[in-house]
Amino acid sequence: MSGGHAYRDDQMESGSRITESNKRKERHRDKVHKHKDHKKDKEREKSKHINSHHRDSEKKHRDKEKESWKHIDGSVERHKDREKRKEEKSKWFGADCKQERENGFPSPPHIKHEFDNNDFYHTPKHGKPVKRGNSDEESEYKIKRIKVESVKKGIKRKQKEEYDEGEDAEEEEEEDQKHKKKCKDKKTGDIAGKKKVKKEPEEKWKWWEEERYTDGSKWRFLEHKGPVFAPAYEPLPEHVHFYYEGKMSNLSPPAEEVATFFSKMLDHEYTTKDIFRKNFFKDWRKEMTSEEKSKITDLKKCDFSEMSQYFKAQSEARKQMTKEEKLKIKEENERILEEYGFCVMDNHKERIGNFRIEPPGLFRGRGDHPKMGMLKRRIRPEDVIINCSKDSKHPKPPPGTRWKEVRHDNKVTWLASWTENIQGSIKYIMLNPSSRIKGEKDWQKYETARRLKKCVDHIRAQYRDDWKSKEMRIRQRAVALYFIDKLALRAGNEKEEGETADTVGCCSLRVEHIKLYPELDGQDFVVEFDFLGKDSIRYYNKIPVEKRVFKNLQLFLENKQAEDDLFDRLNTSILNKHLQELMDGLTAKVFRTYNASITLQQQLKVLTSPDENVPAKVLSYNRANRAVAILCNHQRAPPKTFEKSMQSLQSKIDAKKQQLFAAKKELKVAKSESKSLHDEKSRKVVETKRKAVQRIEEQLMKLEVQATDREENKQIALGTSKLNYLDPRISVAWCKKWSIPVEKIYNKTQREKFAWAIDMADEDFEF
DNA sequence: GTAGCGACTTAGTAGCTCATGA
DNA sequence: TCATGAGCTACTAAGTCGCTAC
């Protein structure tokens, strides 16, 4: 890794989402001259040569890799299997429909038995031992498997640990009993099945051992129940009022609904912001009757406090609900999850990520978003496009409504979509990260990053060479790439002005975002970055760069105003096109993935010491993770209760220290007693006291480690890098190498997402 | 080449849940 | 049993990037 990725404590100190008005002058976005000499420009022969040479080796590698994919692809076999599946499907369609009702999905025939490898999803590695009885029993068992899986994935997700076998046997039995009631016959079969479920751990579908589609399609069969819509607006009770100029006023239901959105946010900083208030008021007025419009003309004269109090009381009442009431709500949510939270994709029941349509409300843009406070309108079935397979049972729209469209596009992964009214962008209903479709993509992402590892030295050599190019566009590209590589900056697409907050990435950096220091704090050629990145999170960093980079930056800044683009002859499209030429599938964001993962791997090697115990090793892991989070600038607002929780942890530590002191004293006394008495009883007392001291020391150490970890994590978010940038196989390999339970670093959801890595990585895995 | 769109990933946080300790 | 707070999940905004039409 060139240059290394320096930790930036100063950045963390000052880093925060910037909300101050970062107004800038009308930006000079005119890039008339940008790339005007592009056609005339030709790549230097040398660079061409390097490129072509590199491309050759890349291609070889690519072909090799494609081959390896092909190996598990087996497209010919897939074709055969498809035929087979057709037959099976028609056979199933003729089958009785009882099962439809029983498992809650209308087309169980398509749900693949987890043991069945006789389908177009062919499992080459392990022919699973399947006990097959007569056909009746088999179909019975199929239903059972599906039910058990759904119960585990859905209702019991939170209570059950996937590696815990025996613990939840009672609950499992209960669920099994429920299921037994649903299945209408064959007592013997049920009992046999029940025993089986109790004894065998859940069989997870190992999609990573199966074929992938190579024709660009994402699925063959897709069936789901459609999205869940936001509940209809419930008007306020009679005694809750809105006041205008101190006078009670009744609002029409549409106006009242929008008013409730504002009143619910009254305690939030948003409602103090001018843009928010202005946008809200403008959109609110659109919902008013003409009478209301003429009456309510000034937001300052509006009093929402009674409404606000009502919602607070409601929220409080929810908290005070009895156990039974809470349980009832929980059960209802579980029922909805069970009904709408899953789909059937290519014979497997898969969890949907977000099956609820976003409810109406006020838009909460981040940073200085010009559209904050605008009304996010209610989405109706008529706005929603459903995507499913032709041969599936299509989801039904709510009574009296219709879908905007039902389409059957298997080149995409979404199940439903609609266009939101704030930015006009499309929103999707997609699968959960634990699904095959997301997992495959994730795995592929890390494989691309690993390919970059093989050619990164060459790419670095080339961009260093390009710093000397005669062409400005090439120099700019090379310097930008250096920043993306060294500092893990995002690509930085251009954004439509006035539509979103003013944030930038590498390619869209402006002159005002950097400062050059020929010498600073004893270091030469320092560049200071200060800009708002994604989500308006501040990026602040002072970094010494190579002389040539520094000189180039000086050149790029010549004759430019603060609001001008630093890289005026570069955009993400040009950069990615160039990267694509260097390596197939290479884009700017691959560098982030690569540098994050390689940093984790290196840091784990450096920080893990073999003699440490498990908590200390986990602390080392978190520190390695933290190094990546700092590199990627993943910040968070310090938790509101941070100081308090640190204080309470510190008092626990103090108490433990006192306890240890006392225990040591007792041990000393016991030792001297034992010395004088020389009997078995006193020796036993010494042993007990010694063990007590040891136990307390361990407890103290755990607390201290916890405190260190928490303190270091104050403003850093580890989750984002863990979920999106760190190849999970590195973490799994580390766990295996040091015998750390994987549960120590991944929670249940994360283990589900990374099931592929947990299964496939051994301790020797190298990124 | 570029603007716009569509599909997807990446991102921080509000609010809920559940474990823990008094 | 209850209060508290840490951890987790759901939510949805905000990015990236490829494709298409002009």
Side-chain angles (χ1 to χ4, degrees), chain A residues 17 31-32 34-36 38-39 157-159 218 265 268 315 318-319 323 326 329-330 333 337 341 352-359 361 363-367 369 371-372 376 385 387 409 411-414 417 419-420 422-428 430-433 437-438 441-442 445 490-496 499-501 503-508 532-537 571-577 579-580 585-590 592-593 596 629 632-637 639-642 644-646 648-649 652 706 710 713 717-721 723-725 747-750:
Chain A
R17 178 171 294 147
K31 291 188 181 179
V32 179
K34 197 172 179 178
H35 325 303
K36 70 178 178 184
H38 178 76
K39 282 178 190 169
R157 239 166 45 84
K158 283 167 193 165
Q159 296 112 6
K218 305 289 166 58
M265 291 179 74
H268 205 288
S315 151
R318 263 198 303 277
K319 282 180 200 159
K323 262 188 184 171
K326 281 181 182 168
I329 291 171
K330 199 178 166 191
N333 284 335
L337 173 72
I352 298 170
N354 57 325
F355 56 88
R356 290 175 198 273
I357 298 268
E358 292 173 22
F363 177 70
R364 302 178 178 210
R366 294 170 192 164
H369 201 294
K371 294 189 172 182
M372 63 165 74
K376 246 177 77 165
I385 301 172
N387 195 30
D409 182 358
K411 295 277 190 283
V412 297
T413 65
W414 52 267
S417 73
T419 304
E420 54 91 29
I422 305 289
Q423 333 241 32
S425 66
I426 305 169
K427 300 269 189 166
Y428 302 94
M430 287 187 185
L431 294 193
N432 186 273
I437 220 156
K438 294 286 182 188
K441 209 67 191 299
D442 216 29
K445 173 181 78 184
R490 293 188 187 84
N493 280 326
E494 281 172 74
K495 298 165 77 186
E496 218 177 312
E499 291 293 300
T500 55
T503 61
V504 296
C506 187
C507 294
S508 50
L532 299 184
K534 184 177 179 179
D535 292 325
S536 293
I537 297 289
N571 60 34
T572 53
S573 161
I574 293 169
L575 180 66
N576 282 336
K577 225 174 195 173
L579 293 175
Q580 190 63 38
L586 183 61
T587 63
K589 104 185 162 86
V590 178
R592 242 166 113 79
T593 313
C632 294
N633 201 36
H634 291 145
Q635 299 185 39
R636 64 168 186 168
K640 284 168 194 160
T641 54
F642 184 80
K644 204 179 160 192
S645 85
M646 279 309 286
S648 84
L649 194 54
K652 272 184 197 171
Q706 202 184 343
R710 197 177 291 173
N713 255 1
L718 298 188
T720 308
S721 48
L723 282 175
N724 301 300
Y725 289 104
N747 66 30
K748 177 117 167 67
T749 313
Q750 291 163 342

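Every chain is numbered from 1 and lettered A, B, ... according to where its sequence line falls, protein lines coming before strand lines. A quick note: this is a predicted structure, and the numbers were derived from the prediction, not measured.
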Enter the distance from Asn493(A):CG to Cys507(A):SG here, rounded to the nearest 0.5 Å.
8.0 Å
Options dT13(B), dG18(C), dC8(C), nucleotide nearest the side-chain atoms of Asn576(A)
dG18(C)
dC5(B) C1' sits how many Å from Trp414(A) CH2, rounded?
13 Å
Are Thr720(A) and Cys632(A) packed together at the side-chain level, in the sense that at least one heavy-atom pair is separated by less than 4.5 angstrom?
no
For dG12(B), take OP1 and OP2 only and decide whether either is under 4.0 Å from a side-chain N or O of Gln635(A).
no
Quick one: label Ala501(A) by what it contacts on the DNA or RNA (base, sugar-phosphate, nothing), any heavy atom closer than 4.0 Å.
nothing
Closest approach to the side chain of Ala491(A), judged atom by atom: which nucleotide of dC8(B), dA7(B), dC17(C) is it?
dC17(C)
In whole Å, I'd like the distance from the CG atom of Leu718(A) to the P atom of dA6(C).
15 Å
Please classify the nucleic acid contact of Thr413(A) as base, sugar-phosphate, or nothing, using heavy-atom distances under 4.0 Å.
sugar-phosphate
Do the side-chain N or O atoms of Lys748(A) get closer than 4.0 angstrom to the phosphate oxygens (OP1, OP2) of dC8(C)?
no
Which is more 5' along DNA chain C, the nucleotide nearest Arg356(A) or the one nearest Thr587(A)? Just name the residue.
Arg356(A)
side-chain N/O Lys427(A) vs dA13(C) OP1/OP2, d < 4.0 Å:
yes
Classify the nucleic acid contact of Gly424(A) as base, sugar-phosphate or nothing, counting any heavy atom under 4.0 Å across all strands shown.
nothing
Would you indicate what Gly365(A) reaches in the nucleic acid, counting non-hydrogen atoms under 4.0 angstrom: base, sugar-phosphate, or nothing?
sugar-phosphate
Return no unless some side-chain N or O of Arg592(A) is found under 4.0 Å from OP1 or OP2 of dA11(B).
yes
Which of dC8(C), dC18(B), dC8(B) is nearest the side chain of Asn747(A)? It is dC8(C)
N/O (side chain, Lys411(A)) to phosphate O (OP1/OP2, dA7(B)) under 4.0 Å:
no
Can you tell which of dC8(B), dT16(C), dT13(B) lies closest to the side chain of Asn493(A)?
dT16(C)
So what does Gly719(A) touch, heavy atoms closer than 4.0 Å: a base, only the sugar-phosphate, or nothing?
nothing
Where the side chain of Ile426(A) is defined as all heavy atoms beyond and including C-beta, which of dA14(C), dG12(B), dA7(B) is the nearest nucleotide?
dA7(B)
Testing Arg366(A), Lys495(A), Lys534(A) for side-chain hydrogen bond (donor to acceptor under 3.5 Å, both in side chains) with Thr503(A), which one passes?
Lys495(A)
Just N and O in the side chain of Lys445(A): are any of them under 4.0 Å from OP1 or OP2 of dT10(B)?
yes
Given dT10(B), is OP1 or OP2 found less than 4.0 Å from the side-chain N or O atoms of His634(A)?
no
Contacts of Asn333(A) and Ser417(A) projected onto DNA chain B by closest heavy atom; the upstream (5') one is Ser417(A)
Is a side-chain N or O of Asn354(A) found less than 3.5 angstrom from the main chain of Met430(A), in a donor-acceptor match?
yes
Nearest to the side chain of Arg490(A), heavy atoms from C-beta on, is which of dA14(C), dA7(B), dT16(C)?
dT16(C)
Do the side-chain N or O atoms of Lys534(A) get closer than 4.0 angstrom to the phosphate oxygens (OP1, OP2) of dA13(C)?
no
Pro433(A) near the nucleic acid: base, sugar-phosphate alone, or nothing, with a heavy-atom cut-off under 4.0 Å?
nothing
Atom pair distance, as rounded to whole Å: NZ in Lys330(A) and C1' in dC16(B):
11 Å
Describe the nucleic acid contact of Tyr725(A) in one word from base, sugar-phosphate, nothing, applying a heavy-atom distance below 4.0 Å.
sugar-phosphate
Shortest side-chain distance from Glu358(A), nucleotide among dT12(C), dA14(B), dG18(C)
dT12(C)
With distance as the sole criterion, do the side chain of Lys589(A) and the base of dT16(C) form a donor-acceptor contact below 3.5 Å?
no
In Å and rounded to the nearest 0.5 Å, what is the NZ to CD distance from Lys371(A) to Glu499(A)?
3.5 Å
Under-4.0 Å side-chain N/O to phosphate OP1/OP2 contact, Ser425(A) with dC5(B)
no
Choosing from dC8(C), dT9(B), dC17(C), which nucleotide comes nearest the side chain of Ala588(A)?
dC17(C)
Would you give the length of the straight line joining atom CZ of Arg364(A) to atom NE2 of His369(A), rounded to the nearest 0.5 angstrom?
14.0 Å
Nearest to side-chain heavy atoms of Thr503(A), which nucleotide of dA14(C), dG15(C), dA14(B):
dG15(C)
What nucleotide, of dT10(B), dC8(B), dT12(C), holds the atom closest to the side chain of Lys376(A)?
dT12(C)
Is Asn387(A) reaching over with its side chain to a backbone N or O of Thr413(A), donor-acceptor style, under 3.5 angstrom?
no
